[in-house]
Amino acid sequence: MATNKYWSIIFLIAAALATSVSAKVFIVGDEKGWTLNFDYQAWAKDKPFIVGDQLVFKYAYGKHNVHKVNGTAFQQCSIPPTNEALTSGYDVITLATPGRKWYICGVGKHCESGGMKLFINVLSHAPSPPPPSVYPGKVILVGDEKGWTLNFDYQAWAAGKRFYVGDKLVFKYPVGRHNVFRANGTAFQQCIIPAANEALTSGYDVITLQTPGRKWYICGVGKHCQLGLKLFITVLPYPTYVPPPYHRS
Ligand SMILES: *[C@@H]1O[C@H](CO)[C@@H](O)[C@H](O)[C@H]1NC(C)=O
Ligand SMILES: *[C@@H]1O[C@H](CO)[C@@H](O)[C@H](O)[C@H]1NC(C)=O
């Protein structure tokens, strides 16, 4: 329940941010503009160009121009004879379709020896942001308000609950009355106190679930385990995060 609430809040925040999504204007070469001896591929690298965005080629009027070409012409720095150049010195190109786009300068040898060529890949929509690297986890009080105690059905309690890596189990009990041993499946079945493991005895024992898989916990006091003070859970990898609409700054 708490988890759902948490993600709902995240989603609401993300949805609010998403409404501010708008097309982006890229000044080619940033403050350098469209100029000789600038590495436009390095500039373009990792920039997300998306349909609707605009490229602005900025340069001193008359010094350069901009030809939209195909991949071959880009490679060979050949100006298509029928191609009209943009020459305003502040040429705005709206990226209308997805796919690869090539632009070169058609003045002198600016493309061949001046590096004035730009290749970009335009995406149809924004890429999904990566999932958050850390699942915040939730705190699960074993047995809820009953805590860790006799005469409680922990399997019934655990049934239907989802335990994820990163969640914390809290075993709560009066100090000295019970304890908590991590056990294996056999020890759990047979209520064998694992000699090699140390008991948790604080009365508020917090166990962070570190790995997915089956986990077993038993009380090592008297015959408490035989009486049912034992918990078996299956821990799942952390929940798959459904990314909200991409927000572009
Ligand atoms: C690429 O452009 C050149 C120059 O305009 C043209 O000759 C050639 O046919 C084009 N190639 C393709 C595959 O469109
Ligand atoms: C399970 O735990 C018991 C008690 O600590 C131990 O004797 C046994 O070797 C363990 N079995 C496995 C398969 O680890």
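- Remark: Lys47 NZ is packed, more than 12 non-hydrogen atoms of other residues, nucleotides or ligands lying under 6.0 Å away.
- Contact record, Pro48 with Asp53: O-OD2, 3.7 Å, taken as the closest heavy-atom pair.
- The heavy-atom pair separating Ile233 from Ala158 by the smallest distance is CG2-CB, 4.2 Å.
- Within the 4.5 Å cutoff, no side-chain heavy atoms of Gln155 are placed close to those of Trp157.
- The closest side-chain heavy-atom distance from Leu150 to His224 is below 4.5 Å.
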*Show the numbers, then the answer: is there a side chain to side chain contact (heavy atoms under 4.5 Å, CB included) between Ile93 and Lys68?*
CA-CA 10 Å; Ile93 295 176; Lys68 187 172 186 303; 5.5 Å; no
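- Looking at His125 and Val51, their side chains never come closer than 4.5 Å, going by heavy atoms from C-beta outward.
- For Tyr103 and Trp34, the gap between ring centers reaches or exceeds 6.0 Å.
- Clustering ILVMFWY residues whenever any of their side-chain heavy atoms sit less than 4.5 angstrom apart, transitively, puts Leu95 in the very cluster that holds Val66.
- Shown here is Lys117, whose NZ atom has more than 12 heavy atoms of other residues, nucleotides or ligands within 6.0 Å.
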*Can you list the steps and then say if Val142 with Leu231 is a side chain to side chain contact (heavy atoms under 4.5 Å, CB included)?*
CA-CA 9 Å; Val142 174; Leu231 169 67; 3.9 Å; yes
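- Formation of a donor-acceptor pair under 3.5 Å by the Lys230 side chain with backbone atoms of Phe188 is found in this model.
- Taken from NE2 in His67 to CD1 in Ile79, the straight-line distance is 4.5 Å, to the nearest 0.5 Å.
- Judged purely by distance below 3.5 Å, without hydrogens or angles, the side chains of Asn70 and Trp102 never pair a donor atom with an acceptor atom.
- Phe232 and Phe181 fall within the same hydrophobic cluster, defined by Ile, Leu, Val, Met, Phe, Trp and Tyr side-chain heavy atoms under 4.5 Å apart, directly or through other members.
- The two residues Ser78 and Ile104 make their nearest non-hydrogen contact at O-CD1, 3.9 Å.
- No donor-acceptor pair under 3.5 Å is formed between the side chain of Asn197 and the backbone N or O of Pro194.
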*List the steps, then state whether side chain to side chain contact (heavy atoms under 4.5 Å, CB included) holds for Leu141 with Lys172.*
CA-CA 7 Å; Leu141 188 57; Lys172 202 174 160 197; 3.9 Å; yes
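- Annotation for Thr149 and His178: closest pair CA-NE2, 3.9 Å, computed over non-hydrogen atoms.
- Under the 3.5 Å distance criterion, the side-chain polar atoms of Gln54 are left unmatched by any main-chain donor or acceptor of Phe26.
- No donor-acceptor distance shorter than 3.5 angstrom exists from the side chain of Asn65 to the backbone of Leu86, with no hydrogens or angles considered.
- Nearest heavy atom pair, residue Ala23 against residue Gly52, reads CB-O, 3.3 Å.
- Atoms NZ and SG, from Lys223 and Cys191 in turn, are 8.5 Å apart once rounded to the nearest 0.5 Å.
- Across all non-hydrogen atoms, the minimal contact from Val165 to Pro237 is CG2-CA, 4.2 Å.
- For an aromatic pair to be called close, the ring centres must be under 6.0 Å apart, and Tyr40 with Phe38 satisfies this.
- Side-chain atoms of Asp144 do not come within 3.5 Å of backbone N or O of Lys146 as any donor-acceptor pair.
- In this structure, Lys138 pairs ionically with Asp167, as a charged nitrogen and a carboxylate oxygen lie closer than 4.0 Å.
- Formation of a donor-acceptor pair under 3.5 Å by the Asn179 side chain with backbone atoms of Thr201 is not found in this model.
- The closest side-chain heavy-atom distance from Thr186 to Gln189 is not below 4.5 Å.
- No side-chain heavy atom of Ile50 sits less than 4.5 Å from a side-chain heavy atom of Lys24.
- The neighbour count for Lys161 NZ, taken as heavy atoms of other residues, nucleotides or ligands under 6.0 Å away, is above 12.
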*Dump the intermediate steps for side chain to side chain contact (heavy atoms under 4.5 Å, CB included) on Phe163 and Thr234, then the final yes or no.*
CA-CA 7 Å; Phe163 301 91; Thr234 300; over 6 Å; no
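- Note: the hydrophobic cluster containing Val180 does not contain Val139 (ILVMFWY, side chain heavy atoms under 4.5 Å, direct or indirect links).
- To the nearest 0.5 Å, the span separating CG on Leu118 from SG on Cys111 amounts to 11.0 Å.
- The same ILVMFWY cluster, assembled from side-chain heavy atoms under 4.5 Å apart, contains both Leu169 and Val235.
- Within a 6.0 Å sphere centred on CG of Asn151, other residues, nucleotides and ligands contribute 12 heavy atoms or fewer.
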Show me the donor-acceptor pairs within less than 3.5 Å that the side chains of residues 203-213 make with the rest of the protein, sequence neighbours left out.
| residue | atom | partner | partner atom | Å |
| --- | --- | --- | --- | --- |
| Asp205 | OD1 | Ser202 | N | 2.8 |
| Asp205 | OD1 | Ser202 | OG | 2.4 |
| Asp205 | OD2 | Tyr173 | OH | 2.4 |
| Thr211 | OG1 | Lys215 | NZ | 2.6 |

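- Note that CG of Leu123 and CZ of Phe49 are 9.5 Å apart. Values are rounded to the nearest 0.5 Å.
- Ile27 and Leu55 fall into different hydrophobic clusters, where Ile, Leu, Val, Met, Phe, Trp and Tyr side chains are chained together by heavy-atom contacts under 4.5 Å.
- Trp43 has its side chain within reach of Val28: a pair of non-hydrogen atoms, C-beta onward, lies under 4.5 Å apart.
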*Checking disulfide bond (SG atoms under 2.5 Å apart) for the pair Cys225/Cys219: CA distance, chi angles, key distance, verdict?*
CA-CA 5 Å; Cys225 176; Cys219 177; over 6 Å; no
